[in-house]
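Take a look at the structure below.
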Amino acid sequence: MVTAIPGPRSEALVEDLARSECPAITARRARRAEEAGVSQDPIVWKRARGANVEDVDGNVYVDLTGAFAVAGIGHGHPRVVEAAREQAETLIHAMGDVYPAEQKIELCRRLSELAPGELSHSILGLSGASAVEAALKTAAVHTGRPGAIAFWGGYHGLNYGALGVTAYRESFRRPFLPQLNQSVRHVPFPDTFRPPFGLAPSTRPEEVGGAVLAHLREMLDGPATASESIGAVVIEPVQGRGGYVEPPPGFLTGLRELCDERGLVLIFDEIYTGFGRTGDLFACDREGVVPDILVVGKAMGGGFPISAAIGTEAVMSSWGLSSGEAVHTSTFLGNPLGCAMAIAALDVVVGEDWPARVRRRGEEIRKRLEVLARRYSSRVGRVRGRGLMLGLEFVADQEARTPDGGLAVALTDFCRRRGYLVLPSGRYGQVLALSPPFVVNDVQWEGFFQVLDEGLKTLTAV
Ligand SMILES: Cc1ncc(COP(=O)(O)O)c(C=O)c1O
């Protein structure tokens with residue numbers, strides 16, 4: 001039962017945190033008030049199981065965020081917990097590239113079995129950003145060209161290397177511009193709801209994709225693009241933090257062809273979408289396009305921070321053989337605890353057939369969202385995403401498709417007060433995003449849809 005949000009214990013702890021954490025990091029009340037007139041501090045989590053989270057005041061929530069799309073198979077899955085317990089008792093830390101643990105070897109093998117096509121050789125990382133950077137470094141080593149093409153709205157992490165390709169919010173990049181890779185070129189993502197290049201909203205999806213591909217070709221041939229320095233194209237097959245934006249059919253295939261023509265390394269960032277989230281094991285499976293490097297993280301570790309860049313032998317072998325000192329490594333690379341948890345989590349995703357189950361469940365949930373989109377048609381621009389990565393995109397003006405960030409933030413707060421955790425996402429914060437644990441049950445969904453309907457009714461009333 002949800003009582004007071006946030007409760008007294010959460011409030012006291014967040015005050016305490018403000019004395020010892022950099023103020024930019026905690027999502028505090030001033031920022032929220034500025035965005036949507038909502039003035040509430042965060043709740044502090046105590047425990048989580050399955051789709052439920054309990055805060056330090058004893059409030060229990062249904063988590064429809066999957067804690068940033070990490071808890072796909074649910075929080076604290078018993079098999080992952082068991083693997084962690086067993087591993088903690090034998091070996092918590094090894095020596096990554098020098099004296100690896102057995103679990104690291106097993107995990108690399110599992111990743112090459114699961115990854116599509118010829119993707120067979122991994123570089124393990126500790127965060128999404130570190131795996132993205134491993135992929136970018138690999139492309140630079142392979143092609144001798146350190147630049148990359150990336151997309152507006154793309155989110156690849158915030159470390160310097162990853163931030164160079166991220167184009168989610170200008171404010172995330174501005175203070176660091178001189179430190180970011182100067183050879184990265186950003187191009188519009190083929191968003192069919194807001195087509196780029198002044199194309200009419202009625203433009204056919206394939207044409208939107210075609211226009212972006214044509215632009216890319218022209219840019220690579222153009223005089224001022226530093227195209228001689230471009231060695232990679234990095235893209236999320238479905239944008240995550242960017243607001244669950246899917247490219248039109250055929251676009252990824254076209255991108256593959258372009259990369260083959262020009263000798264560019266194609267990197268798919270599936271940190272958000274990987275391991276069942278979109279109703280396929282990987283989002284790129286839907287169109288059957290295989291990149292040169294697939295980057296995964298988030299759900300991979302069952303809650304442990306671990307990630308990987310999985311490349312073809314051709315691309316990965318460009319690094320050459322290690323001569324004794326690895327030229328790319330880190331202290332905790334292939335940490336046995338994380339590897340053991342990841343092996344267990346991947347076994348559950350595959351063994352319990354979660355991608356197909358997510359696809360079926362996702363279709364049901366999409367239908368429910370479509371009903372709400374029709375009911376509140378003046379404010380809902382479109383239902384976004386697929387699988388269990390679904391969102392409602394809000395607009396202030398349906399015809400102009402003006403994004404409305406305030407409504408998504410206000411709804412997030414409305415839902416939390418009633419026991420449901422959701423998040424706003426998108427470049428303008430205009431998408432109410434659902435990336436729930438796959439195990440949310442019928443009763444929990446039913447309760448959520450009642451609250452969402454009530455919230456929309458209350459907050460869109462004029
Ligand atoms: C697609 C994608 N790539 C990269 C990242 C960065 O991952 P991390 O925050 O673990 O560095 C994220 C995080 O949200 C992501 O969604």
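First listed ligand is number 1; within each ligand, the first listed atom is number 1. Positions are given from 1 along the sequence.
- A salt bridge does not link K46 with E54: every distance from a Lys NZ or Arg NE/NH1/NH2 to an Asp or Glu carboxylate oxygen is 4.0 Å or more.
- Here's the thing with A129: one of its N/O atoms is less than 3.5 angstrom from an N/O atom of ligand 1.
- With salt bridges taken as basic N to acidic carboxylate O contacts below 4.0 Å, none links R368 and E364.
- Residues E133 and K137 are not paired through a salt bridge, judged by the lack of any N-O separation under 4.0 Å between the basic side chain and the carboxylate.
- Remark: ligand 1 and V132 share no N or O pair separated by less than 3.5 Å (distance only, no angle test).
- The closest approach between any non-hydrogen atom of E236 and ligand 1 is below 4.0 Å.
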>> Assess the residue pair V296 and F282 against the criterion (side chain to side chain contact (heavy atoms under 4.5 Å, CB included)); give the C-alpha distance rounded to whole Å, side-chain angles, the decisive distance to 0.1 Å, and a yes or no.
In response: CA-CA 9 Å; V296 289; F282 300 103; 3.8 Å; yes

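- Y155 counts as a contact of ligand 1, since one of its heavy atoms falls under 4.0 Å from the ligand.
- For the pair G128 and ligand 1, a heavy-atom separation below 4.0 Å is found.
- Nearest to atom 3 (N) of ligand 1 among the protein's heavy atoms is D269 OD2, 2.6 Å.
- Using a 4.0 Å cut-off between charged nitrogen and carboxylate oxygen, E82 and R79 do not count as a salt-bridge pair.
- Between R384 and D191 there is a salt bridge, since a side-chain N of the basic residue sits under 4.0 Å from a carboxylate O of the acidic one.
- At least one heavy atom of K298 sits less than 4.0 Å from an atom of ligand 1.
- Of the listed residues (S307, G157, S127, G154), the one carrying the non-hydrogen atom nearest atom 6 (C) of ligand 1 is G157.
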